[in-house]
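A quick write-up on the structure given underneath.
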There are 2 protein chains.
Amino acid sequence: MRPTLQDVATAVGVSRSTVSNAYCRPDQLSAALRTRILDTARQLGYPGPNPTARSLRRGFAGAIGVLFTSQLSYAFTDPFAVRFLAGVAEAAERHGTSLLLVPLPTGATQARAAVENAAVDGFCVYCAADEDWALDVIRGRGLPFVTTAPPADDDAGAERYVGIDERAAARSVADHLVGLGHRRVALLADTVLPEAPPGPLRLAGADAARHPTTRGRLAGFADALGAVGVDWPDITLLNATGNSRAAGAEAVAGLFAGDDPPTAVLAASDVLALGALDALGERAATVSVTGFDDVAEAAAAGLTTVRQPAEEKGRIAAELLLDPPADDAAGKLLLPTELVVRTSTRPAPRS
Amino acid sequence: MRPTLQDVATAVGVSRSTVSNAYCRPDQLSAALRTRILDTARQLGYPGPNPTARSLRRGFAGAIGVLFTSQLSYAFTDPFAVRFLAGVAEAAERHGTSLLLVPLPTGATQARAAVENAAVDGFCVYCAADEDWALDVIRGRGLPFVTTAPPADDDAGAERYVGIDERAAARSVADHLVGLGHRRVALLADTVLPEAPPGPLRLAGADAARHPTTRGRLAGFADALGAVGVDWPDITLLNATGNSRAAGAEAVAGLFAGDDPPTAVLAASDVLALGALDALGERAATVSVTGFDDVAEAAAAGLTTVRQPAEEKGRIAAELLLDPPADDAAGKLLLPTELVVRTSTRPAPRS
DNA sequence: TTGAAAGCGCTACCAA
DNA sequence: TTGGTAGCGCTTTCAA
């Protein structure tokens, strides 16, 4: 049996409180006694106060939870998510707080349970204004949380978030393409509808997309095209079955075989855009492609994209959680984005 | 005040045990009573059993700790570490276990405390055969752990690890380079000695390097060179101040300005190798460079390297922890590696 | 099918 | 400076 604090107390011949003080309030006892206690503890093989018992008693866990909409192991394949996480880690590090990454099982009940059972003091919820159930569970637990997007309904009062203006940002790349004369354009996004197959997809409008981030970006793309008279029904929408390079390539495959193919592809993420470039191969020299996020690979590939501050988003999210601003409005942040023009976009060919 | 299980019990007019059963042993009470309890709980706003209290009582945390030698936020900038983490996450996901990422503060005492206070059932210790103190703390707590390298001292009995044969793997790239006729070679590694400045560094031998992984790789490089009569004192060793592209570039800068520069650079990681290529610029066409790990960027850069299975390493580490093999030897794994020859290596120029 | 009792290991208050 | 007391919120025997 592993010795407990009580065992140490008995061995030294003092009370539990004193042993406890030896560990967490050195100033509450004489140095001599403290040394004696710590020595005895070492001899007995007492590993120090049990973290769980301490958490229970103290009333906090010393960790914050991080929730990803997608499978956790997928999150690590998404360069933007990883940079977000790096930012969160940086803030947590400074605060001496640990990070609990909670995988969400597929079943609804089990996923709920995972959030209910996380021993944390709060949550960073990545990219999930959509996962209302998770936010409900967190609220139910009375825990603070920060999301990476404004709440879908504005009635949700005093929430905290750090996001970007998805729609305006998307519009900025789309405007760039439109300015280059592109009119026949394909939009590329992932998991537009839950079970949609890869490739062209009919959708009533940007609003019909499943994921709020996707909705915002598609709407921004559509805004720019609408401004020059290209309306939603005339825009090709391509669905990718995941936010990965391979899925991006798959979604685009075959599109350029038909006649009158698009002159440009507006992707909802860099990863998808890079996949599109993969699929285009030689044709990439004539078709314009844009991304979103400005991940590291984008620069190397010469991808025109919208930069959003990834690490900063994570850092701020964690800070908002770890020391909440007194001012309510200060907890609602939209970070700036920036259009980054590289070589993957060029004037539309005269037709 | 947040309601507790007791409050629900009182409200329904049953005992705490029954409410507890309603949550974790549905078969122990009638469906009707259970429904009544759950409904009342909802009305009262009871969020379900407190995870910490449950952990204390049940005696396990439902999470495994992940420890990185370097700063946690740095780990996310290292593509190999991220892939390792993805593997760990995959296994954890399947097991319904969370991942506690524990940042290690700089102070020795505080770093110890961080490991002591982690509410976890075991640890995956990434790349830290060196961090003996951490392993000691973990052992002291009586927790199981898995490392990514064999223990430095073999007397450490029943440990579990999943690593590679660093020395043999390193020798395989170095042999390739030697086979191409290279004799004037620079080795590039990071943090060879704790406070060493960037650039050329005198070292008594590969064994003198601080980090065990680095020791293994440098030794492997030296083996191959030694076999053709190039001995340690004649090998240039370059120190990088971190495992990053920038640090790799910095370490190499200036090396090729002198006369009789090396014809090849053997780097201890892909990231460093890519940095070296950055620094070489045009000269990269004449100098051969090799990496280690085979991260995603390596392929795009045409980097000759040694591939090791990153995700698998993580996955296996977590599995070794989550369901330990009965057989002791089955917990000690060296995974295969593979030399991947690309375009960054070519025959040495005749001099 | 339900309940009473007995802690899990610790910390914080207050009194000595 | 030290110790006693009183729980933190829960689960799990075991007996009814």
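Residue numbering restarts at 1 for every chain, and letters A, B, ... go by the order of the sequence lines.
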Taking only residues at least two apart or on different chains, which pairs with a member in residues 95-120 of chain B satisfy ring pair (Phe, Tyr, Trp, His ring centres under 6.0 Å)?
none

Would one find a side-chain N or O of A/T4 under 4.0 angstrom from OP1 or OP2 of C/dG9?
no

Does anything in residues 21-37 of chain A form a side chain to side chain donor-acceptor pair (under 3.5 Å)? List the pairs, not counting sequence neighbours.
none

Could I get the full list of salt bridge (Lys or Arg N to Asp or Glu O under 4.0 Å) partners for B/R42, not counting sequence neighbours?
B/D39

In degrees rounded to 10°, what angle is found between the helical axes fit to the five outermost pairs at each end of the helix from C/dT1-D/dA16 to C/dA16-D/dT1?
30°

Can you tell me the distance, in whole Å, between the CG atom of B/L5 and the P atom of C/dG7?
20 Å

Atom CZ of A/R54 and atom C1' of D/dG7 are separated, to the nearest Å, by 18 Å

B/E116 atom CD is separated from C/dC10 atom C1', nearest whole Å, by 15 Å

Contacts table for residues 53-65 of chain A: side-chain donor-acceptor under 3.5 angstrom, sequence neighbours left out:
unit_1: A/R54; atom_1: NH1; unit_2: B/N117; atom_2: OD1; d: 3.1
unit_1: A/S55; atom_1: OG; unit_2: A/P51; atom_2: O; d: 3.1
unit_1: A/S55; atom_1: OG; unit_2: A/F60; atom_2: O; d: 3.3

Which donor-acceptor pairs under 3.5 Å do the side chains of residues 81-92 of chain A make with protein atoms, sequence neighbours left out?
unit_1: A/R83; atom_1: NE; unit_2: A/E311; atom_2: OE1; d: 3.3
unit_1: A/R83; atom_1: NE; unit_2: A/E311; atom_2: OE2; d: 2.9
unit_1: A/R83; atom_1: NH1; unit_2: A/D294; atom_2: O; d: 3.1
unit_1: A/R83; atom_1: NH2; unit_2: A/E311; atom_2: OE1; d: 3.1
unit_1: A/E90; atom_1: OE2; unit_2: A/R94; atom_2: NH1; d: 3.4

Could you give the CZ-to-C1' distance, from A/R25 to C/dA12, as a whole number of Å?
6 Å

Could you tell me how far apart A/L56 (CG) and C/dA12 (C1') are, to the nearest whole angstrom?
13 Å

ring-ring contact (aromatic ring centres under 6.0 Å, His included) partners of A/F80, counting only residues at least two apart:
none

Counting any heavy atom closer than 4.0 Å, what does B/Y46 reach on the DNA or RNA strands: base, sugar-phosphate only, or nothing?
sugar-phosphate

When you measure from the side-chain N and O atoms of A/Y23 to the phosphate of C/dG9, is any distance below 4.0 Å, counting only OP1 and OP2?
no

For A/R2 and C/dC8, what is the distance between atoms CZ and C1' respectively, to the nearest whole Å?
16 Å

Residue pair B/L104 / B/Q71, side-chain heavy-atom distance below 4.5 Å
no

Nearest heavy-atom pair of A/V102 and A/A118: which atoms, and what distance?
CG2-CB, 4.1 Å

Whole-Å distance between D/dG4 C1' and A/Q6 CD?
12 Å

Gap between atoms CG and C1', on B/D7 and D/dC8 respectively (whole Å)
13 Å

Excluding sequence neighbours, so at least two apart, what forms side-chain hydrogen bond (donor to acceptor under 3.5 Å, both in side chains) with B/S17?
B/S15

Listing time: all N or O pairs from protein to nucleotides 2-6 of chain C that are below 3.5 Å?
unit_1: C/dT2; atom_1: OP2; unit_2: B/S30; atom_2: N; d: 3.1
unit_1: C/dG3; atom_1: OP2; unit_2: B/S15; atom_2: N; d: 3.1
unit_1: C/dG3; atom_1: OP2; unit_2: B/T18; atom_2: OG1; d: 2.7
unit_1: C/dA4; atom_1: N7; unit_2: B/S17; atom_2: OG; d: 3.4
unit_1: C/dA4; atom_1: N6; unit_2: B/S17; atom_2: OG; d: 3.0
unit_1: C/dA6; atom_1: N6; unit_2: B/R16; atom_2: NH2; d: 3.1

